[in-house]
Amino acid sequence: MPDRDMTADTAPQDRLAPEPAITPDLVAAHGLKPDEYERVLALLGREPTFTELGIFSAMWNEHCSYKSSRRWLRTLPTEGPQVIQGPGENAGVVDIGDGLAVVFKMESHNHPSYIEPYQGAATGVGGILRDVFTMGARPMAAMNALSFGAPEHPRTRHLVQGVVAGIGGYGNAFGVPNVGGEMRFHPAYDGNCLVNAFAAGIARSDRIFYSAASGVGMPVVYLGARTGRDGVGGATMASAEFDEGLEEKRPTVQVGDPFTEKRLLEACLELMEAEAVISIQDMGAAGLTCSAVEMGDKGGLGIRLELDRVPVREEAMSAYEMMLSESQERMLMVLRPEKEAEAREIFARWDLDFAVIGETIAEDRFLVLHGNRVKADLPLRALSGEAPEYDRPWVASPPRTPLGPLPDIGPIEALQVLLAHPDHAHKGWVWEQYDWAVGADTLRRPGLGAGVVRVHGTRKALAFTSDVTPRYVLACPETGGAQAVAEAFRNLCAVGARPLATTDNLNFGNPERPEIMGQLVGAIRGSGAACRALDMPIVSGNVSLYNETAGRAILPTPTIGAVGLIADHADMITGPARAGDVAVLLGRDGGHMGASALIWAAWGREDGPPPPVDLEEEARNGAFVLAQAGAIRAASDLSDGGLALAGFEMAAAAGTGLALEAGDTAWFFGEDQGRYLLAIEEGALASLLAAAQEAGVPARPVGRFGGEALRLGTAQAHMAALTALWRGVLPGLFGSG
């Protein structure tokens, strides 16, 4: 770049305030342990500057370096013939045929959402959308998985209202349909809610953009919104437990602008179409620091930055603040030099900042200049490659004893208990605040299992689901991790989608406690085994640890997001059931009540082991559903609440009643895995049952849809009354949407 002077004296600013002295208290405030700081000193051979300390803090915190989980994440299955890009990039990429690929990822924004729920959730949506379109994909769908404290907790109403409004406010304005997700409530989340955001987009499979820089002397370009002081230290904050100093952390929460993000999307896609991009990286956690280091490290290059060229919206920002700001709607790009004029014109037309702020260099250096001073001069690859990696001690969760006798409860009373519980109540209050139809490609609205969105301009459709049952993971992490994948697999099969791949969001407490680390290890082992058995490799994801307050951890919550393909959307299992359809139970009879939804909702009990997961059975039964999709009117997997709750939800969606044969409470509400409830037209029943027998899949009629009542054996209640109860829970707790 001979036409640009990138020397330290480009813009002398001797007025800049001196940096504070490095003290043990300052090091601790940056989340670095004493031995980690000693490692910094050994790498540098000197004391770091204040800015360098901030850079190490950002790059070596749990949120960015995965120092507690990295060795276990390597054990996960990440490859397959359908995988174009696995973990390690902004998002995973999976081939869907005909020159197209789906790009998707799930990430957490837990701590920011607890501190400031609207902006925390909104910027979580914005960040995951950028991860997708950074790869060259136009976003097509979003989901979210939300975990809140007990409804009666004094903070829960504020958090629920703010988070839901933030998700809707950002996603609706940006223009992406929100097609699914989940919501749960438990006292374990009283002091630390979870907001896991998912996004997916479509790209040409030969036009995927990556973050690895290449070429020496290439311009490093800042794109998008201006940098402010919002979000400074956000990544470090996300890697620490909460304490009583909650309000002090409010400035670490970013502020989002969905209209700027929409312009950034269009400008970036136009830039990519113009073949101006060598590499590109979202400025997410740790902002300019993490994006620049990752681009250089992946490309085996150094990076030189001149911060006086960074577009800012606040006066007298320090190098430390600029390097650690997490202001939203920003990208970092390595540009083809001959395309600079064209690129500038594109961003000017979209009213966005475009600034050359540095260049790639051959040396292994991360050189940061501000004013008349060098603020950081670090070995770049050490920031990433030398980050600590811990083999933390862990202990397995003790096996649960069998569930003891349960109090007597009639099946209708048990169903009413579940319908009145916010975990299982109708979630319309949530998704009616989201624009799930924008783009006119949504084929299946939220609230009906997996969401389905047509791939615009084709006959293809993609199905999306998000699943985990934290009760099971608490009871047995390995079984619970496998069950989360298996339930996602079933939800995709239940709409006629062939499962393709997964993304995970591993939410746990403090990994320095062996019992918490044991939960993480078990869940990774279980989910990895299920992904292998069900051919659903994990192609992207996020680990969120230290989710606890004053030593009280959340329930272990390894959320699984999954994507499936419907080759022709005409073959989707559409639903709803119709009056006269036969209700067919596919899979074994139920009876497992340990760690079930009913015993928690009815008696506040979480004891007993979780239901075992037979992955061969899951694969066999799912394959049968896909093979018979044309004969199935509607389908639901059986999970929380077993047969009774799934039957009620299918009947409610159809606006009809349902009569199920007699059984005991365990038969109606058992949560045995690998099962589906199908609605089959009378004329198709015999051939379906014959095919099931030939395939070795248990299947039998257990009832019929129709009428105005829900009948469980000899007990019954009017569907209208049950539906009113079910629909009224969340509005009653949290007000009008």
Side-chain angles (χ1 to χ4, degrees), residues 179-180 412 415 419 426-428 436-437 442-452 454 461 463 490-497 566 568-587 621 624-639 641-663 668 675-692 697 699-713 716-727:
V179 300
I412 292 295
L415 180 62
L419 298 183
H426 188 252
K427 299 302 188 298
W436 50 268
T442 303
L443 300 178
R444 190 178 178 92
R445 65 163 173 78
L448 297 173
V452 181
R454 178 173 48 209
R490 292 196 302 272
N491 272 318
L492 296 177
C493 293
V495 298
I566 303 172
D568 187 327
H569 59 75
D571 297 330
M572 179 176 76
I573 299 175
T574 58
R578 296 181 188 173
D581 284 348
V582 179
V584 173
L585 173 62
L586 185 74
N621 293 359
F624 180 79
V625 171
L626 293 178
Q628 296 294 318
I632 299 170
R633 180 105 70 190
S636 174
D637 90 293
L638 302 192
S639 50
L643 179 63
L645 186 57
F648 166 80
E649 290 177 346
M650 289 180 70
T656 187
L658 170 65
L660 291 175
E661 66 182 41
F668 283 119
R675 306 189 302 154
Y676 301 78
L677 182 62
L678 312 178
I680 306 296
E681 186 180 0
E682 181 78 51
L685 179 63
S687 60
L688 181 129
L689 295 178
V697 175
R700 67 182 182 90
V702 293
R704 189 176 296 272
F705 291 91
E708 297 181 353
L710 184 80
R711 189 156 57 85
L712 303 178
Q716 65 177 1
H718 285 290
M719 276 296 297
L722 294 173
T723 302
L725 169 64
W726 181 58
R727 289 181 174 273

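Please read these numbers as outputs of a predicted model, since none were measured by experiment. In what follows, residues are counted from 1 in the order of the sequence shown.
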Quick one: side chains of residues 625-634, donor-acceptor pairs under 3.5 Å with protein atoms, not counting sequence neighbours, listed by atom name and distance.
| residue | atom | partner | partner atom | Å |
| --- | --- | --- | --- | --- |
| R633 | NE | D581 | OD2 | 3.0 |
| R633 | NH2 | D581 | OD1 | 2.9 |

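G647 and F705 get closest at one heavy-atom pair: O-CE2, 4.4 Å. Nearest heavy atoms, D637 versus A646: O-CB, 4.2 Å. Residues A450 and L492 come closest through the heavy atom pair CB-CD2, 4.4 Å. Taking every heavy atom of both residues into account, P701 and V582 meet most closely at CB-CG1, 3.8 Å. The nearest pair of heavy atoms linking A653 to L448 is CB-CD2, 3.7 Å. Residues G706 and T656 come closest through the heavy atom pair CA-OG1, 3.1 Å.
Checking side-chain atoms of H718 against main-chain N and O of A720 turns up no donor-acceptor pair under 3.5 Å.
In this structure, M650 and L658 have side chains that are not in contact, with every pair of non-hydrogen atoms separated by 4.5 Å or more. A 4.5 Å side-chain heavy-atom check between L710 and L660 finds every atom pair outside the cut-off.
Applying the side-chain hydrogen bond (donor to acceptor under 3.5 Å, both in side chains) test to pairs two or more places apart or on separate chains, those with a residue in residues 676-688 are E682-R704.
For the atom pair L419 CG and T723 OG1, the distance stands at 8.0 Å (nearest 0.5 Å).
Annotation for R445: atom CZ counts as buried by contact number, over 12 foreign heavy atoms lying within 6.0 Å.
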